[in-house]
Structure formats: C-alpha cells, structure tokens
Amino acid sequence: MDRVYLDYAATTPLDPKVLEEMAPYFTQKFGNPSSSHFYGQQAEGVLEECRHKVAHLLGAKENEVIFTGSGSEGDNLAIRGLAFSQKSSSGRDTILISPVEHPAVMNTARQLHDRFGFKLIEMRIDEFGKVNLDDLKAKIDRHTAVVSVIYANNEIGTINPISQIADICHDAGVPFHSDAVQACGYLPLDVTNENIDLLTIAAHKFYGPKGAAAMIKRENIGLLPVTTGGKQEDNLRSGTQNIPGIVGLTAALEITSREFEAENKRIVGLRDKIIHFVLSNIPESHLTGHPTDRLPNHASFVFDGVNGNDLIIMLDMVGFACSSGSACKVGDPKPSEVLLALGLQPELAIGSLRVTLGKYTSEDEIARFLEVLPGVVKRLRK
Ligand SMILES: *Cc1c(COP(=O)(O)O)cnc(C)c1O
C-alpha cells in the first residue's frame, strides 16, 4: 500500500541533509564537550558553533540558548524553573496559562498547583482558542510568577497574538514563556522583536532529530535548574550534551529558516484546498481553530456523529496517517480538553480530525486523501 503521512504536527521525517550533517558526530567526532583533550575540544567547538547559529536564527544571544532533550523538557524547565525561582526570590506563587496549552505545560502547571502549593489561573480564550488580552490584563498581578501561552496550537492550529501578550507581561513585570514547538519551522520566530523571555522549540517538529530541542532564556531571567549535576548549559540543564542531535537541530533550523517562506505558500494552498473541500463536501463538518490566523500546514475539524478515534483507525486502514488531535493522547477515548475549552459539546468534540502537512506532502497525496475522506465519514455515521 502507498501510505500517506498527514501527521506532521506529531513529528516529521528527518531531512536527509540533516542526517548527513549529524553522521560524523556519532562515530569520529564523538567527544564529550566537557573533556579537555582534543576530542572534547572538538565537541565543544561544534557545540558553541551551533549555539551561535541557533541564537542568531531566533534573535537571541549565544548565552541565551539552552539545549534540552525534548520540547516537553524545555516546557518543564521554563515553567518549573520560573515558578520555583520566582517563589523563592520574591514570593510570587501564581501560574497564569491559557486553557489550551500542550500537556507539557498544562500538566507541569497542574502538578505545581496540586503538589507544591502554587496557584493556577487560566486566562479566557475565544471560540478559536486565542487568548483574550483584556482577561490577561485583568488576571496578571504582582503575585504572578510566570505567564505561559502556546505560540501556535498543536491541536487546532490557532496562532496567538504573542507580541501583544509579551507586552502585557512586561508592563506587569512578569516573565513570559511561549511554547513554540509547533510554530518553529512554519512561522518567523525572533525573541527580541517579539519581546519573549522564554521560548521552547523541538527539532523533530521541523525535520530535525528526535531528542534534540532548545529553550531560549533571556539573560535577565532567573531560573532554578530542574536537572542538577555537572552544570552543563549554564547550569540549567546538567547532562552531557547530545552533540549529534544539536548539530541536527541546528542544520534543520538553518534549512527551514531559509525555506519556510516559499514552502508556506505551497502548503497554505494545499491546506486551504482541504478545508474548502471538507466544509463544502462533508455535511455537518466544522473547522476547529481560527479560519485565517492558523498554522500554514494545519487543518482540523470536528464531524457530528463520528468518533474521532474510529475515524483515525479507518483512515489508517486505507493508508492515511492522521490524528484526532494531540499525539500525546493515544488510546484516550475522552474528548480533547482543548476542544472542550473552545466551548464545543463533548459529543461533537469527540469527532475530531487533525490533518497536518509538511514539505514532503504532495498535491497528489491530498487529492487521494480527499477522494476517500467523505466515504469514510459517511460509513462511520451509519
Ligand atoms: C510536540 C509538542 C511538544 C512536545 O515536544 P516533545 O519533543 O515531543 O517533547 C510540546 N509542545 C507542543 C506545542 C508540541 O507540538
């Protein structure tokens, strides 16, 4: 069977050019960057070169790049690190997040609330999942330790007004973190232009390797390390750096930074073709997330009278790999919390489908997908 991958929001294939860059760092240039001999210096050299490039590409300074092991780890370090550092330095004990955060942010904030005595407040969002700025202004105060808002949503594609959120946080003197794992590779990211204090990205979402990620932390922001040990990464993330992974992350970021504008034009065309076709050919179908302020590669829907998990399984049986929302909810029959937070009824929210495209998605693949989708939905409704 000719399979079609339409789940780029879950992960992406590695770009072969990235693999080529990584290869020597597994075998010949395998040193530990903390060692002082030749091998160590070689690894340290490439590590700092990567840090320089990543900083430049994201509008940060070199000493503001912290390499981590995953997007989830970056989110944890940002939320946990800020919460504990703010609480111990100034007694601030409130975490303020949107109700549609990725579980890496949401469950971290919930644990800090449930087990460590932090207050957890959620700001209001509109029907598309965008943060309500007036509500943020009303809720942020001198007790707020951290504000975290997802840059572009993994389940519904909606892009938040990040610079405006950042400005509100800065006026209130509160550090602002944004999970940009889904945005990186598709949207221009610049922490200086956008005034972002902490930003999380992960390489495997933009054609880099799994297990390599970065968090940007502006130099004036204090964090308590979550992983203690040999004091690598400015003592914020102990552990020997994953040099091949970091080389891969850097190569992937360089490539997407060069290619994304041209590539987005093509991908938006395919995305809009899907959205238009579904809404006009499948009765009782609804787009979730914002109609225009959404990720270029992201189409998401709910269908009345359909179970999303069954839909994914049926589509998989005929060769199409899609998702019902977040990859972090496999086998969970409950409707998505994100969709419920938008105000959808549970019966409708359970019928979700997420189709996410990438640079290897072809027009022909989308044509084939749209040929089978209406029939599959119809069959499930019987
Ligand atoms: C994938 C994803 C993460 C988690 O990244 P991992 O590298 O899989 O831990 C976090 N946030 C968002 C928005 C994501 O899409």
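Atoms within a ligand are numbered from 1 in the order they appear, just like the ligands themselves.
Interface atoms of ligand 1 facing His204, defined by a heavy-atom separation under 4.0 Å, are 6 (P), 7 (O), 8 (O). Of all atoms in ligand 1, numbered sequentially from 1 with element shown, those under 4.0 Å from a heavy atom of Ser72 are 4 (C), 5 (O), 6 (P), 9 (O). Listed by atom number, the atoms of ligand 1 under 4.0 Å from Gln182 heavy atoms are 14 (C), 15 (O). Per-residue contacts place Ser70 under 4.0 angstrom from the following atoms of ligand 1 (heavy atoms of the residue considered): 7 (O), 9 (O). Near Lys205, the atoms of ligand 1 lying under 4.0 angstrom from a non-hydrogen atom of the residue are 1 (C), 2 (C), 3 (C), 14 (C), 15 (O).
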Test Glu155 against Gln182 for side chain to side chain contact (heavy atoms under 4.5 Å, CB included), laying out the working first.
-> CA-CA 10 Å; Glu155 287 193 47; Gln182 211 55 242; over 6 Å; no
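Val131 pairs with exactly one of Asp126, Val149, Ile162 by the side chain to side chain contact (heavy atoms under 4.5 Å, CB included) rule, that one being Val149.
Checked against a 3.5 angstrom limit, the closest N/O atoms of Ala202 and ligand 1 fall outside it. For ligand 1, none of its N or O atoms has an N or O atom of Glu73 under 3.5 Å away.
Side-chain rings of Tyr5 and Tyr360 stay apart, their centers remaining 6.0 Å or farther from each other.
Residue-level proximity to ligand 1 for Ile150 is carried by the side chain, the only part with a heavy atom below 4.0 angstrom.
Pairs of residues two or more places apart, or lying in two chains, never qualify as salt bridge (charged side-chain N to carboxylate O under 4.0 Å, His left out) while including a residue from residues 184-208.
Applying the ring-ring contact (aromatic ring centres under 6.0 Å, His included) criterion to Phe277, with sequence neighbours excluded, gives no partner residue.
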